[in-house]
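When a ligand or atom number is given, it counts from 1 through the structure's own listing order. Nothing here was measured: the structure is a model prediction, and the numbers come from that model.
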Amino acid sequence: MYKQVINKLYQELKNIKYNGEIASYIPELATVSASKFGIYLADISNNSFGIGDFEEKFSIQSISKVLSFCLAYKNLGEAIWTRLGVEPSGSAFNSLIQIETNNGIPRNPFINSGALVICDILISILKNPREEFLEFCREASNNNKIYYSEKIAKSEKSVGYRNIALCNLIKSFGNIKNDPNDILDFYFLVCSIELSCKDLAETFLFLANYGKNPFNNNIILTKSQAKRVNAIMQTCGLYDESGEFTYKVGLPGKSGVGGGIIAINPNNYCIAVWSPVLNKKGNSCKAMDFLEKFTTETDLSIF
Ligand code: GLU
């Protein structure tokens with residue numbers, strides 16, 4: 001059934017031009033073709049289906065915030081919540097005002113301020129954060145061909161003024177423990193990971209499988225932790241469009257300014273959609289539209 005619906009919607013949406021822009025504030029992202037469109041669904045019973053540019057790697061950007069959070073949460077457990085919250089931000093993903101009003105405590109781990117604090121935590125608790133984070137992604141996806149893009153990280157760093165400001169602002173409140181330059185270098189690297197829709201759906205499948213790696217049954221997160229990560233994705237995964245995404249799609253999700261969106265149907269499947277043209281909130285126009293139609297036509301969401 002999925003295959004048929006995905007195929008039909010792909011044909012329907014393929015040539016539609018949405019009113020939006022490719023993220024150009026990171027120069028390297030602006031080089032991607034606007035017409036890219038890929039979809040991949042993987043379920044926990046080993047069925048899968050992909051169409052379009054689903055095997056082409058793209059910059060996952062903020063989608064990686066879920067993975068860096070999972071690694072920190074796995075290590076720290078509930079103690080992590082002294083450093084950040086679980087409330088939707090209701091403002092832009094790179095808001096400085098919110099950090100000022102919240103005394104350096106980010107609203108959630110999926111906005112930039114929260115992800116910077118998570119990078120700080122990982123730098124404090126891991127011996128080799130870069131290698132260990134990559135290893136965590138590779139293990140989750142059962143795929144050794146996952147890499148950072150040094151080129152994209154460098155490109156973002158060259159214009160990363162807001163993130164540099166954010167990191168320093170949080171540091172001024174004492175909620176960054178390490179050197180802001182080290183946090184920022186690691187943060188840009190984490191954002192630069194490149195995955196295809198296929199890689200992405202496979203990497204996130206453990207969140208559809210109660211925290212267990214579906215490829216080898218290893219426990220990545222406890223059942224309760226996986227539930228909570230899905231809950232935060234539901235309420236905070238699409239910046240200040242998380243309410244709209246919940247309303248239209250009805251699944252936990254996470255977007256990135258590279259144009260990807262991952263959505264999870266717990267105990268069922270993971271679906272990754274990529275199309276680089278973004279709306280004003282920074283979410284992929286076509287991926288949002290596709291997922292809304294997909295959950296409507298399959299009549300399957302968590303609500
Ligand atoms: N690296 C991007 C930034 O910090 C991530 C933004 C995103 O994908 O939402 O601006």
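Judged by the shortest distance from any of its heavy atoms, K65 lies inside the 4.0 Å radius around the atoms of ligand 1. The closest approach between a heavy atom of N94 and any atom of ligand 1 is not below 4.0 Å. Using a 4.0 angstrom heavy-atom cutoff, F188 does not count as in contact with ligand 1.
Atoms of ligand 1 found under 4.0 Å from any heavy atom of N163 (numbered from 1 in listed order, with element): 3 (C), 4 (O), 10 (O). Against a heavy-atom cut-off of under 4.0 Å, C191 is close to the following atoms of ligand 1: 1 (N). Every atom of ligand 1 is numbered from 1 in the order shown, and the set under 4.0 Å from a heavy atom of G256 is 8 (O).
Of the protein's non-hydrogen atoms, the one nearest atom 1 (N) of ligand 1 is Q61 OE1, 2.5 Å. Among all protein heavy atoms, the one lying closest to atom 3 (C) of ligand 1 is E156 OE2, 3.0 Å. Taking atom 7 (C) of ligand 1 as the reference point, the nearest protein heavy-atom neighbour is S62 OG, 2.7 Å. Among protein heavy atoms, the minimum distance from atom 9 (O) of ligand 1 is reached at Y239 OH, 2.2 Å. With hydrogens left out, the protein atom closest to atom 10 (O) of ligand 1 is Y25 OH, 2.5 Å, a heavy atom. Among protein heavy atoms, atom 4 (O) of ligand 1 sits closest to Y187 OH, 2.6 Å.
Exactly one residue among I183, N112, I99 makes a side chain to side chain contact (heavy atoms under 4.5 Å, CB included) with C167. That residue is I183.
A salt bridge links E297 with K8: at least one charged nitrogen is closer than 4.0 Å to a carboxylate oxygen. Electrostatic pairing of D289 and K248 does not count as a salt bridge here, judged by no charged N lying under 4.0 Å from a carboxylate O.
With ring centers used as reference points, F69 lies under 6.0 Å from W81. Remark: aromatic rings of F49 and Y40 are distant, center separation not under 6.0 Å.
Counting heavy atoms under 4.0 Å from ligand 1, residue I63 does not touch it at all.
With Y147 as the aromatic partner, R138 meets the cation-pi criteria of under 6.0 angstrom to the ring centre and within 45 degrees of the ring axis. Remark: K36 is not positioned above the aromatic ring of F58, lacking an NZ or CZ atom under 6.0 angstrom from the ring centre and at most 45 degrees off the axis. Taking the centre and axis of the six-membered ring of F54, the NZ or CZ atom of K198 falls outside the cone set by 45° and 6.0 Å.
Of the N and O atoms on the side chains of T296 and K293, not one donor lies less than 3.5 Å from an acceptor on the other residue.
Among the atoms of V257, some N or O lies under 3.5 angstrom from an N or O of ligand 1.
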